[in-house]
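Every heavy atom of this structure was used, including side-chain atoms; hydrogens, water molecules and symmetry mates were not. Throughout, a chain's letter reflects where its sequence line sits, starting with A, and its residues are numbered from 1.
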There are 2 protein chains.
Amino acid sequence: MPVSKKDDFTKDEVWLADICKSLSHPARIKILKILTELNSCVVGSIVDQLPLAQATVSQHLKELKRVGLIEGEIDGPRVCYCVDNKLLIKAKKQLDKLFTTIGCC
Amino acid sequence: MPVSKKDDFTKDEVWLADICKSLSHPARIKILKILTELNSCVVGSIVDQLPLAQATVSQHLKELKRVGLIEGEIDGPRVCYCVDNKLLIKAKKQLDKLFTTIGCC
DNA sequence: TTCATTTATCGTATATTTACGATGAACGAT
DNA sequence: ATCGTTCATCGTAAATATACGATAAATGAA
């Protein structure tokens, strides 16, 4: 008879899956690049470089903010976003760990 | 999704987003680990280690197969899956490139 | 105050994902 | 040939994701 399936997933697995989910749309990958390339990280500048409506970009920003990859700072009537390098490093570390675990590199 | 605008992004961005999507569920991350840990990579063994029904595991395997991260080989009435190391390396390379681009590590 | 600008959120439509039981197809064994 | 095993696929339901226009909230400027 089958073994009992009590095993849940580990915290690391859930966390990394969530990070990957936030990177699972090209617009969000591009947003991270834009935030790095531009001096300014104002929302309007990001919208200008994406083939998406402002409301849609706002949703993508929200998703990146949800997992902590970016942070928003209010700047007058604008909002200035930037990448959280600390979390980026953590994400890379976890990804490297996964790739090592599954026998790559 | 109404209309997909993924064609407006670069090939690399779309490809990497797709890889991340395939890693965006803890079950699929765990499947990759199981395939590495076990000698056998038969579907039944994978199902035994996941808190999910066989049909659901089969769907997750399909998603990993879709992006090429795993391959299935028919072995009598069974199917033996294994990780495609070549694609794994490509994925890691693209991820490293992204992290470098956005100023991490 | 009033107006224009900026961004988040609401409402909504549709697509996709996730999950499961049921079923079908392929195979080895009896 | 029939049976049991193994796995993929079908059918389906609920949740989530994606996209947009419209609107609200907040701010600075006139």
Side-chain angles (χ1 to χ4, degrees), chain A residues 1-3 5 7-9 13-14 17-31 34-35 38 40-67 69-82, chain B residues 1-9 13-14 17-31 34-35 38 40-67 69-82:
Chain A
M1 272 276 91
V3 184
K5 301 174 180 175
D7 295 17
D8 204 353
F9 301 102
E13 281 161 358
V14 173
D18 212 30
I19 290 290
C20 287
K21 193 177 71 163
S22 78
L23 297 175
S24 71
H25 193 294
R28 293 195 288 269
I29 288 184
K30 186 156 190 186
I31 285 172
I34 291 170
L35 289 185
L38 287 186
S40 161
C41 43
V42 162
V43 174
S45 309
I46 302 170
V47 173
D48 288 345
Q49 300 197 41
L50 290 175
L52 298 168
Q54 180 265 321
T56 306
V57 173
S58 195
Q59 272 186 337
H60 284 307
L61 289 169
K62 191 179 180 183
E63 167 66 11
L64 288 169
K65 207 166 40 175
R66 181 185 65 82
V67 299
L69 277 174
I70 65 173
E71 284 169 342
E73 193 186 343
I74 296 172
D75 174 27
R78 282 161 255 246
V79 177
C80 186
Y81 281 99
C82 54
Chain B
M1 181 170 28
V3 179
S4 177
K5 300 206 168 174
K6 288 188 177 176
D7 290 339
D8 292 312
F9 300 98
E13 281 161 357
V14 172
D18 212 30
I19 290 290
C20 287
K21 194 178 71 164
S22 78
L23 297 175
S24 71
H25 193 294
R28 293 195 288 269
I29 288 185
K30 185 154 191 188
I31 285 172
I34 290 170
L35 289 184
L38 287 186
S40 161
C41 44
V42 162
V43 174
S45 308
I46 302 169
V47 174
D48 288 345
Q49 300 196 41
L50 290 175
L52 297 168
Q54 179 263 322
T56 306
V57 173
S58 195
Q59 272 187 337
H60 284 306
L61 289 169
K62 191 179 181 182
E63 168 66 11
L64 288 169
K65 207 166 42 174
R66 181 185 66 81
V67 298
L69 277 174
I70 65 174
E71 284 169 342
E73 193 186 342
I74 295 172
D75 175 26
R78 283 161 253 245
V79 177
C80 187
Y81 280 98
C82 53

- When you check every protein heavy atom under 4.0 Å of nucleotides 20-30 of chain C, what one-letter string (B, S, -) results, 5' to 3'? BBB----SS--
Starting from [atom2] on [N], measure out to [atom1] on [X] and report it in whole angstrom.
X: B:His60; N: D:dA8; atom1: NE2; atom2: C1'; value: 15 Å
X: A:Asp75; N: D:dT27; atom1: CG; atom2: P; value: 12 Å
X: A:Arg78; N: C:dT6; atom1: CZ; atom2: P; value: 6 Å
X: B:Leu61; N: D:dT9; atom1: CG; atom2: P; value: 11 Å
X: B:Asp18; N: C:dT17; atom1: CG; atom2: P; value: 9 Å
X: B:Ile31; N: C:dA19; atom1: CD1; atom2: P; value: 10 Å
X: B:Arg66; N: D:dA8; atom1: CZ; atom2: C1'; value: 17 Å
X: B:Tyr81; N: D:dT6; atom1: OH; atom2: C1'; value: 12 Å

- Task: Sort out for me which residue in B:Val57, B:Leu69, B:Leu23, B:Leu64 forms a side-chain contact (heavy atoms from CB on, under 4.5 Å) with B:Arg28.
- Result: B:Leu64
- Item | side chain to side chain contact (heavy atoms under 4.5 Å, CB included) partners of A:Val43, counting only residues at least two apart | A:Val47, A:Leu61, A:Val79, A:Tyr81
- Is there a side-chain polar atom (N or O) of A:Lys62 under 4.0 Å from OP1 or OP2 of C:dT7? no
- Can you check whether A:Lys21 has a side-chain N or O nearer than 4.0 Å to OP1 or OP2 of D:dA17? yes
- Closest non-hydrogen atom pair between B:Glu13 and A:Ile29, with its separation: O-CD1, 3.9 Å
- Query: Of all heavy-atom pairs between B:Leu38 and B:Ser45, which one has the smallest distance, and what is that distance?
  - Reply: CD1-CB, 3.7 Å
- Item | From CA spacing to verdict: side-chain contact (heavy atoms from CB on, under 4.5 Å), B:Ile46, B:Lys30 | CA-CA 9 Å; B:Ile46 302 169; B:Lys30 185 154 191 188; over 6 Å; no
- Check every strand shown and say whether A:Val57 touches a base, only sugar-phosphate, or nothing at a heavy-atom separation below 4.0 Å. nothing
- Here the gap from A:Ser24 atom OG to B:His25 atom NE2, rounded to the nearest 0.5 Å, amounts to 12.5 Å
- Where the side chain of B:Arg78 meets the backbone of B:Val42, is there a donor-acceptor pair that is under 3.5 Å apart? no
